[in-house]
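The structure appears right after this line, and notes come after that.
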Amino acid sequence: MACVAHAARPYRGGAVATAYPPASEAALKMLDKGGNAVDAAVAAAFVAAVVGPYHSGVGGGGFALVHDAKSGATRVLDFREVAPKAATRNMFLKDGKVVPGLSTDGVLAVAVPGAVAGYLELLKTHGTLPPSVVLAPAIEAARKGLWVTPRYRSMAEGRLECLRKDPEATRVFLVKNEQGEHVVPPIGHLLRQPDLARTLTSIAKSGPKGFYSGAVAKGIVDTVQAGGGVLTLEDLASYKTRKREPLEGSYRGHRILTMPPPSAGGVAVLQVLGAMEQLRPQGFGFRDPEALHLYVEALRRAYVDRAKYLGDPDFADVPTARLISKGHIADLAGSIDPKKVTSSLALLPQTAGTQGSTLTDKPVTLTPEPERKNTTHISVVDKQGNAVALTATVNYGFGSCVVAKGTGVLLNDEMDDFAAQPGVPNAYGLVTGEPNAIQPGKVPQSSMSPTLVFSKEDPKRVMLAVGSPGGSTIPTTVIQVISNMVDSGMDVARAVNEGRVHHQYLPDELWVDKWGLEPATLSALEAKGHKVRRVDQWGDAEAVFIDPKTGLRFSASDPRNEGLSLGQD
Ligand code: GLY
């Protein structure tokens, strides 16, 4: 039996948090049918593809951590998109300069989608229910239609011009007003997606072949190639997921497993938590300006490492073990001046692959309202204590804004997560370097950081499954939720709600959540040299906590989005 959770609502059975009520309901349905956390997470992910097309979808990709309570093992699946075989290092440049919009809008931005292969692989390897059962809620949602919500409107407004450029996206996601213009549908409008329902049915019946070959694949490739894109049937047919080893670290006695490269997020999570522990062994004071300064400076340095070293480890020599080693974290922490900021400019010359580029510490154009950012996270635990943290994305809001004709598949713009030109910021203002340059078959660097935190008493029992969307701020969100719980003893609902701060090395600005800090705290940070900027858009953390003492479960969906946390009594 299901109940809606609030801060203090405990569950004895499974629990789930996602950014969409129908996705959480689908997950719970799988648990109620006797399915496990993987069945539930995959059902939620397919529903999310239908009701949150602006965040993630079958035309995108993602990462998942899966913990098996019986064996104590945690597995990692990387089903992120890869660059098509015909992709080239300079494909987004003209006359040596990045062409604005080319890597975010339209067919050239499309990388080979991995979500379908990933979700089905998770089911096959760790699930218990058949695809026909697990995909049923998504097929029904696509047939019945999604209700346009304030979030849908905000995301579609943010990408309106891009959506209008694609006739199929216009037909699927916009409506005509009295003047005959294509506009964002009003709140409460029902958007049916019959083509997507057919594609999902094809996947449920035929498995990966139902997407990566046959009519769906042809629809995708024909659409991309008609627009001048480079994706081929061979790219789709040869797509393969990748099993990876989780990154392991700890925070104040809690074992932590998180996403390894090609995510840059997990490295940042472990580096910054490690630095916080070394710099403040007694614990991190909540909103203590001295501690916040150290935190922000640790973030700055973690993002320098990100820019210098991180990329797809199958293509670049990524020194992951060194980056998360105690020694390196001690160096990173030791370089922080507790009294004042280190200017990002002072760190610039050390950034590999950026010499002669337009690298700058000038403020970037941050996404104004309405929103364009994307990605979604799903956290699930089941009655047995199996846990899944799954983060998925189409990259920017509504991905490339291209819907493959006749399939309902909205295609990603994950090519923008590569360095279009090493040293030039992407849509998130992130600067990456040579290890993240475009190469055929390569996975673009990501911020997605699905993370599991384990009980102090038993390092094989999950205590927290957590993750978030939010582009470059994803690791920040995950770190702050963990610190809120471990350092400040907050319940999980409070921990995801709290205001946040973020620094990503470039631009050299301290981003502060609208309600993040009191004026006195801001002044104390400014006095140390931080250039504060108020930012309204933060990812919604989705988390499930298992109380190590009682075994009770608490789930929390961040009120920054329209999600829902549910559980079983
Ligand atoms: N596309 C967002 C990310 O992977 O970080």
Side-chain angles (χ1 to χ4, degrees), residues 19 45 48-49 52-57 59-65 76-83 92 103-105 109-115 118 155 158-159 242 244 258-269 299 302-303 306-307 310-313 366-367 371-378 389-401 410-420 425-432 435-436 438 442-451 467-479 502 504-505 537-542:
Y54 36 87
H55 289 149
S56 71
F63 299 139
L65 263 66
V76 174
L77 193 66
D78 165 3
F79 48 95
R80 188 157 163 81
E81 303 91 325
V82 299
F92 298 114
S103 59
T104 53
D105 305 355
V110 180
V112 189
M155 295 295 299
R159 295 289 271 159
R242 298 151 297 274
R244 303 210 184 261
T258 187
M259 191 67 208
S263 171
V267 170
V269 166
L299 269 177
Y303 278 78
R306 175 181 179 149
L310 288 182
D312 181 346
L366 272 184
T367 313
E371 295 161 279
R372 294 181 195 144
K373 290 182 183 169
N374 67 80
T375 306
T376 201
H377 181 81
I378 292 163
L390 184 158
T391 313
T393 190
V394 286
N395 192 26
Y396 223 33
F398 285 92
S400 62
C401 307
L410 175 63
L411 295 164
N412 69 82
D413 59 349
E414 220 65 61
M415 292 302 288
D416 189 63
D417 274 345
F418 282 114
N426 73 356
Y428 300 97
L430 274 172
V431 172
T432 59
N436 193 35
I438 301 170
K442 190 175 182 180
V443 182
Q445 192 199 89
S446 174
S447 299
M448 295 188 290
S449 318
T451 297
S468 176
S472 55
T473 65
I474 292 173
T476 320
T477 297
V478 169
I479 295 163
H502 174 71
Q504 60 183 45
Y505 154 56
Q537 290 182 35
W538 299 84
D540 52 291
E542 307 291 333

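Here, residue 1 is the first one in the sequence, and each next residue gets the next number. Ligands are counted one by one from 1 in listed order, and the atoms in each one are counted from 1 as well.
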Could you check whether D312 pairs with R80 (Lys NZ or Arg NE/NH1/NH2 to Asp/Glu carboxylate O, under 4.0 Å)? no
Pairwise distance OG1(T104) to CD(E414) - rounded to 0.5 angstrom: 12.0 Å
Residue pair Q504, R306: steps toward the side chain to side chain donor-acceptor pair (under 3.5 Å) verdict: CA-CA 9 Å; Q504 60 183 45; R306 175 181 179 149; over 6 Å; no
Strictly by modelled atom types, are S468 and H377 linked by a side-chain donor-acceptor pair under 3.5 Å? no
Check ring pair (Phe, Tyr, Trp, His ring centres under 6.0 Å) between F79 and all other residues, then give those that pass, not counting sequence neighbours. Y119
Dump the pairs for me: ligand 1 N or O, protein N or O, distance under 3.5 Å, to 0.1 Å.
residue, atom, partner, partner atom, Å
ligand 1, 1 (N), N395, OD1, 2.8
ligand 1, 1 (N), E414, OE2, 2.7
ligand 1, 1 (N), D417, OD2, 2.6
ligand 1, 4 (O), R80, NH1, 3.0
ligand 1, 4 (O), R80, NH2, 3.4
ligand 1, 4 (O), D417, OD2, 3.3
ligand 1, 4 (O), S446, OG, 2.6
ligand 1, 5 (O), S446, OG, 3.4
ligand 1, 5 (O), S447, N, 2.7

Run H55 and T376 through side chain to side chain donor-acceptor pair (under 3.5 Å) and show every step you take. CA-CA 6 Å; H55 289 149; T376 201; 4.5 Å; no
